[in-house]
Engineer: 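Before anything else, here's the structure in question.
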Amino acid sequence: MDYSRPERAERLASEYVLGTLRGAARSRFEALLPAHPTLRRAVAGWEGRLLPLTASVPPVAPSASVWAGIEARLFRSAAAGAPQAWWQRLLVWQLGSGAAAFAALVLAVMLARPVPPQAPVLVLLSPNPAAQADAALLSRAKFVASISADGRALVLRPLEPLSVAAGRALELWAVPAKGAPRSLGLISASGGSQVRRTKLLQDTAAFAISLEPSGGSPTGAPTGPVISLGALSS
């Protein structure tokens with residue numbers, strides 16, 4: 001998913017902490033967390049900001065005019081001059097203090113929310129079911145690519161360590177919408193790999209990983225099976 005919009009990563013982290021991010025979107029977000037420290041920091045930041053607020057906002061009693069207006073609306077049918085039961089007055093106080101506390105909480109969240117930094121672009125590379133490759137290797141061919149917002153740096157991490165046969169290597173490719181893939185170099189099968197190029201995202205529709213000879217593709221194009229694919233979202 002493309003997180004190039006500054007507010008997107010912070011918004012998803014806030015929805016994850018609040019519990020409103022559900023279903024497939026929540027599962028996808030959780031799959032990205034182990035490989036991306038920026039998202040983990042965003043989640044920790046929202047947890048640190050939101051959780052204390054639930055205990056830090058004291059109830060606020062409404063003013064006399066607000067109280068009178070609430071009583072008039074809630075108990076309009078009561079006989080004129082009849083005294084209010086204790087439970088009626090308790091309900092009025094709870095409604096007024098609850099509304100004030102909620103307003104204070106919303107205001108505190110808005111004031112505490114920082115201006116989000118420029119978020120990176122994240123791409124999840126999934127196993128390519130059409131690849132003619134070892135089933136065990138293919139089942140674990142899951143990667144997360146994080147590209148800086150300026151398109152000059154890429155960090156690629158496997159979600160699970162891979163075992164590549166002797167004499168073989170993994171090569172990363174930038175795939176345009178039209179034309180031949182561009183090699184971004186060999187990558188690690190078990191740890192993080194870094195790529196520095198100018199304009200990594202320019203004319204790139206997807207990223208792919210192929211299985212090549214140990215020195216990389218001898219032709220400048222993928223020669224082995226493409227085991228992982230990940231498209232850039234618009």
Side-chain angles (χ1 to χ4, degrees), residues 1-13 28-29 31-43 45 114-128 130-131 133 137 140-162 164 167-234:
M1 181 177 287
D2 186 351
Y3 289 86
S4 59
R5 295 182 181 178
E7 72 278 10
R8 178 167 291 175
E10 287 289 324
R11 177 176 60 81
L12 288 177
R28 178 184 175 88
F29 188 85
L32 293 172
L33 283 177
H36 203 282
T38 301
L39 287 180
R40 294 199 300 273
R41 285 194 295 269
V43 169
V115 177
Q118 189 75 6
V121 176
L122 297 184
V123 180
L124 180 64
L125 283 76
S126 301
N128 177 17
L137 171 65
R140 301 168 72 89
K142 304 172 186 176
F143 295 81
V144 172
S146 173
I147 305 98
S148 60
D150 61 7
R152 294 176 178 271
L154 179 149
V155 176
L156 184 77
R157 297 182 183 276
L159 294 182
E160 301 179 66
L162 298 178
V164 179
R168 305 304 297 272
L170 300 179
E171 191 162 354
L172 178 64
W173 304 85
V175 184
K178 296 181 180 180
R182 307 185 304 275
S183 175
L184 298 179
L186 299 181
I187 61 171
S188 171
S190 58
S193 303
Q194 295 187 8
V195 176
R196 293 193 177 275
R197 298 281 195 282
T198 57
K199 302 178 181 179
L200 278 166
L201 297 176
Q202 182 173 332
D203 195 27
T204 298
F207 291 97
I209 297 172
S210 66
L211 188 62
E212 301 292 342
S214 59
S217 170
T219 67
T223 61
V226 175
I227 62 171
S228 299
L229 291 169
L232 282 167
S233 300
S234 56

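Heavy-atom basis, side chains included; hydrogens, waters and symmetry copies ignored.
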Engineer: Got a second to check how far Phe207's CZ is from Leu201's CG, nearest 0.5 Å?
Structural biologist: 5.5 Å

Engineer: Rounded to the nearest 0.5 Å, how far apart are OG of Ser210 and CG of Leu229?
Structural biologist: 10.5 Å

Engineer: Run the side chain to side chain contact (heavy atoms under 4.5 Å, CB included) test on Asn128 and Ile227 for me, step by step, so that the C-alpha distance in whole Å, both residues' side-chain angles and the decisive distance to 0.1 Å come before the verdict.
Structural biologist: CA-CA 5 Å; Asn128 177 17; Ile227 62 171; 5.7 Å; no

Engineer: Counting N and O atoms only, with roles assigned by atom type, does the side chain of Ser183 sit under 3.5 Å from a partner on the main chain of Gly220, one being a donor and the other an acceptor?
Structural biologist: no

Engineer: What closest approach, in Å, do Ala145 and Leu125 show between heavy atoms, and which atom pair accounts for it?
Structural biologist: CB-CD1, 4.0 Å

Engineer: For Thr204 and Arg182, run side chain to side chain donor-acceptor pair (under 3.5 Å): C-alpha distance rounded to whole Å, both residues' side-chain angles, the deciding distance at 0.1 Å, then the answer.
Structural biologist: CA-CA 9 Å; Thr204 298; Arg182 307 185 304 275; 2.8 Å; yes

Engineer: Indicate yes or no: at least one non-hydrogen side-chain atom of Leu200 is less than 4.5 angstrom from one of Val121.
Structural biologist: no

Engineer: How far apart are the closest heavy atoms of Thr223 and Pro213, and which atoms are they?
Structural biologist: OG1-CD, 4.0 Å

Engineer: How long is the span from the CG atom in Leu154 to the CZ atom in Arg196, to the nearest 0.5 Å?
Structural biologist: 10.5 Å

Engineer: If I compare all heavy atoms of Val164 with all of Ala189, which pair ends up nearest, and what's the gap?
Structural biologist: CG2-CB, 3.7 Å

Engineer: Is it the case that more than 12 heavy atoms not belonging to Arg168 sit under 6.0 Å from its CZ atom?
Structural biologist: yes

Engineer: Taking the side chain as everything from C-beta on, heavy atoms only, tell me whether Pro222 gets closer than 4.5 Å to Glu212.
Structural biologist: yes

Engineer: Can you check whether Val226 reaches Trp173 side chain to side chain, under 4.5 Å on heavy atoms?
Structural biologist: no

Engineer: Are Phe29 and Val43 packed together at the side-chain level, in the sense that at least one heavy-atom pair is separated by less than 4.5 angstrom?
Structural biologist: yes

Engineer: Is there side-chain contact between Leu156 and Leu184, with heavy atoms separated by less than 4.5 Å?
Structural biologist: no

Engineer: So, do Ile209 and Leu172 sit near enough that their side-chain heavy atoms are less than 4.5 Å apart?
Structural biologist: yes

Engineer: Let me confirm one number: the CD-OG distance from Gln194 to Ser188, rounded to the nearest 0.5 Å.
Structural biologist: 11.5 Å

Engineer: Is any side-chain heavy atom of Ile187 less than 4.5 Å from a side-chain heavy atom of Glu171?
Structural biologist: no

Engineer: Using 0.5 Å steps for rounding, measure from the CG atom of Leu159 to the OG atom of Ser228.
Structural biologist: 9.5 Å

Engineer: Which atom names give the shortest non-hydrogen contact between Ser214 and Ala169, and what distance separates them?
Structural biologist: O-CB, 3.8 Å

Engineer: To the nearest 0.5 Å, how far apart are CG in Leu170 and OG in Ser190?
Structural biologist: 10.0 Å

